[in-house]
Amino acid sequence: MSLLQALAYFFWEAVRNLLRGWRISSLAVATTALSLFIGGTLVLLGTNLTRAVDQWRADAQVVIYLAEDASSDQLAALRSGLENSSVWTQVREVSPEQAQIRFKQRFPDLAQVAGDLERNPLPASIELRSRGSRVQVAAEIAELVRQGAVAEIDDDGEWLEKMEAAASVASLLGLLIGGILMIAAAISIASVVRLSTFVYRKEIAAMRLIGATEFFIRGPFVVEGLVQGVAGSVVALAALWLGYYGLGGLELPWFARGALLDFFLSGGQTSGLLALGGLAGLVGGLIPLRERTGVFG
Amino acid sequence: MSLLQALAYFFWEAVRNLLRGWRISSLAVATTALSLFIGGTLVLLGTNLTRAVDQWRADAQVVIYLAEDASSDQLAALRSGLENSSVWTQVREVSPEQAQIRFKQRFPDLAQVAGDLERNPLPASIELRSRGSRVQVAAEIAELVRQGAVAEIDDDGEWLEKMEAAASVASLLGLLIGGILMIAAAISIASVVRLSTFVYRKEIAAMRLIGATEFFIRGPFVVEGLVQGVAGSVVALAALWLGYYGLGGLELPWFARGALLDFFLSGGQTSGLLALGGLAGLVGGLIPLRERTGVFG
Amino acid sequence: MIEFFNVSMVYPGDKVALSEISLRIPRGQFVVLAGKSGAGKSTFLRLIYRAEVPSRGQILVNGRNVASLPAKKVPFLRRTMGIVFQDFSLIERKTVFENVTFLPHILGVDARTRRELAERTLKRVGLLDHIDAYPAELSGGEQQRVAIARAIVNGPDLVLADEPTGNLDPDLSREIMRLFEEIHLEGTTIVLASHDPEAQKEFGQRLLVLDHGRLVADRPLRVMETEAAVQG
Amino acid sequence: MIEFFNVSMVYPGDKVALSEISLRIPRGQFVVLAGKSGAGKSTFLRLIYRAEVPSRGQILVNGRNVASLPAKKVPFLRRTMGIVFQDFSLIERKTVFENVTFLPHILGVDARTRRELAERTLKRVGLLDHIDAYPAELSGGEQQRVAIARAIVNGPDLVLADEPTGNLDPDLSREIMRLFEEIHLEGTTIVLASHDPEAQKEFGQRLLVLDHGRLVADRPLRVMETEAAVQG
Ligand SMILES: Nc1ncnc2c1ncn2[C@@H]1O[C@H](COP(=O)(O)OP(=O)(O)OP(=O)(O)O)[C@@H](O)[C@H]1O
Ligand SMILES: Nc1ncnc2c1ncn2[C@@H]1O[C@H](COP(=O)(O)OP(=O)(O)OP(=O)(O)O)[C@@H](O)[C@H]1O
Ligand SMILES: [Mg+2]
Ligand SMILES: [Mg+2]
């Protein structure tokens, strides 16, 4: 038999075995699918969470409340310092009047009360958005304080740090769990392939007894592993897709929507998932065949 | 054979089968262990994260910056209002001087600069910690603004909302993944038990042919499932324990430490995990035996 | 004790294995079932122990219609029989001892009595040496003898034996056939399928011959004095 | 062609299956291997096709020491042989057709030729009707004949047959033995283990008798005119 014929033979034998032993093989397919599904969910989550944190970082503000007695020189110096710095991506002045309007929007119940006040107690402020590291931002803030026109500085950075830590813990955990699960998938496929060699040990022994080479005996099992792995990843992708668009139809808190549902897997991630499934299957199909002590001893 | 003898017989048969077919059974044990490990990790994480968020909620402050021109009557009214409200768990006044000291501590590089300023630009403030819902807190804040002595209010609540949403998404996800994995564990044990009935189909047929009742034929398989499930949960607990104290030895960001490592599983959670494993095993052992079409047809 | 009423067996794919068999085997009879390969001998026996349900007709064992027996009762039917299967059907992962005493074990016989039972029975089939071996460690003929020992260990009322000497040499065959004869003399009904012309000539009281699923002969057997003449 | 030099086989647990066997089987000889159950017949054959490695001594097949053959080469040794196993060793999940043509298939014989080969061979063993059946759908004797068909389908130089007629009735046995005789006349070496006294009397050129692992007789056989006398 030529190599091509042999591969075709392996493939058909594998498909036949899988169809006949579908209860056995569905276990491996399910485990692989589950692993890749959870792995994929974590990748999806990681991607979306990272983007969300980036978004929040961009949204995070440093608010400078201006001292009421700041001189216009001081203010001009402050403004030009802010404009010329490369750290700030947005510099927006909020006058006491604007602050009051915003306040009324935020607490509509109090709009009347606020309007009644004899004097607007809200100070003028400048809202800044930053680019760059926390250290740079801190240095700039120090510089601002030095200028003297500043009454108070309110910085979202501390919270942002928490969110970033959360995102990085989530990513780390995702990688860890994903990795464990991929290994689990390979082991599971290996176990199923080994099992199927065990279930059919008599047949294998018979084939060997009548002169079949290891190549022909093992080939179908390797292909069986491969097919199971690929099948598992296809199932996982389908489930991810369904879950993604299924969640899309639900009422979710804005946060969850942002963190979960901004981006589906990219083409690269999709083919990566398929390749991982195939790899797990291939490894799973090969592991039990390397052992010289078992059925293939 | 009495029921007790029969149970002993089932147990020994199950142990014997498991030891002989350890490669098969280790798959089920591993799947169960993995499922329970991941489930347990998520429970651990959820517990710690929830506590961390509670902690942050307790730490979260509403800071009231006092208007410089507030009258002492206004201030007294504000103070007594705060003291008498049940929403605030802490009311701490920070004088401009204390604010300056804190500022110097926070930005030590700037300590000198700040000291050099002709006038302390930092306003007096009152730091509040709250108990109760966001709605209550918002209402109280509105009330404060009405008093007129307030220049600006800085509220950590928005960020806290994000963290709480993150924690609830994580818990939801944990429950979901944990649930899926527990089902997966039961299915996996079921598959392995079914497999082991399939692998030994000839033996089972032989036993049936010579007059063994289903009770005696199936008993060992049910016990086999149970033993596998319990073994899986023991392995999972051991892995959790090792992972927990292993992580404890690492350098982790404070955030991760708080969210991951404050509390190990409680006694209830531990026995819950064991019970879940046993249940998965029992269900897994029973499912294939209920089918009248398979080996047990 | 065993009655066939117009029994036919058609396997899936329209393979007729038995057609229109009617007969009566009284308690205590030693029946030899002959016929070419594929004639339906195994099927005949499989119907009696309800491994198969007849396509048509009725089979009564001790007055009970075995086809209509609920699945739950089948084990209790089989426990009254000792069965030697053509493919032995030994339990691979149990030793000879455990195989032979499997039924006594689940019936609650204690370990010491089981050992005694096993030793006595294995001695009869000449396998005492191999009591702790696994089936895979035995030769074909040895496995066959384990199957026979297992069938007779409990002193059943009815013994069904499918080709019990196919893997045995003539001397041993004759010994095993004598064993069946002995058990028969203790009052046991025996239905024994065999290709062995010796068995068919020397042993049993009645010969049934199947051909393509039909009962083509049913005649009494007498022990003939040919033993010396054919000695190998 | 086959040479045994002081071959002994001791199974784990100190079970001596063969001891100190030395003999030579020339190319083209038809050897009948006899002996009681457990005498070592299957072991003798298993050593030749390297299912077992002798504990002591050497076995040469076509001048090659089979014990020292690397594992990778074993399949190529076995392909030159046609082997009928005592337990048939059929491939359960393949049909009769696929079982018989398994080796031709992996050797690259195309589907049409395989069908032809299978049909021709199954006709010789009288099983053409069952070409698409699975082993589980066959009677004991039919399975045995599938095993025989598989062994001879490729026209091997050497045929090893372990009890190839144990499940067959006398007529069919004789037919199958004639088939071996025919193959032998085409130049094939045959080593056939059998309990069947008919086989031992009517067929083959040389009788080897084993007893408790020892070669106790090795004598030429002539076809005797007993066929009519023992007809069943
Ligand atoms: N794998 C094994 N392990 C241990 N002992 C074995 C093994 N295989 C065979 N034996 C023992 O070796 C002896 C010879 O066995 P063998 O199968 O060669 O006999 P045989 O002549 O073919 O008998 P039969 O006619 O019953 O098939 C027997 O006593 C058997 O118990
Ligand atoms: N499960 C099955 N499915 C389809 N056909 C079957 C099945 N079992 C047996 N047969 C067919 O029924 C016929 C009778 O089979 P049976 O096993 O009763 O024969 P037998 O007399 O015992 O033969 P042998 O002496 O070869 O054992 C055979 O032709 C066989 O092919
Ligand atoms: Mg039969
Ligand atoms: Mg043998």
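All values reported here derive from a predicted model rather than from experimental measurement.
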Neighbourhood of chain B inside residues 93-132 of chain C, taking heavy atoms under 4.5 Å as contact: C/Arg93, C/Lys94, C/Glu98, C/Phe102, C/Leu103, C/His105, C/Ile106, C/Leu107, C/Gly108
Inter-chain contacts: residues 31-64 of chain C against chain B, heavy atoms under 4.5 Å: C/Tyr49, C/Ala51
Under 4.5 Å from any heavy atom of chain B - which part of C/Phe85: side chain
Pairs of heavy atoms under 4.5 Å with chain C: top-ranked of B/Gln5, B/Lys202, B/Met207: B/Met207
Kindly give the heavy-atom pair with the smallest separation between [X] and [Y], and that separation in Å.
X: B/Glu203; Y: C/Ile91; answer: OE1-CG2, 3.1 Å
X: C/Ile83; Y: B/Leu209; answer: CD1-O, 3.8 Å
X: C/Ser89; Y: B/Ala206; answer: O-CB, 3.2 Å

Main-chain N/O of B/Gly211 paired with C/Arg79 side-chain donor or acceptor, under 3.5 Å: yes
B/Ile210 CD1 to C/Arg150 CZ distance, which is reported to the nearest 0.5 Å: 4.5 Å
B/Leu242 atom CG, neighbour heavy-atom count above 12 within 6.0 Å: yes
Candidate pair C/Lys72 and B/Glu214, rule side chain to side chain contact (heavy atoms under 4.5 Å, CB included), full reasoning: CA-CA 8 Å; C/Lys72 286 206 150 208; B/Glu214 297 302 296; over 6 Å; no
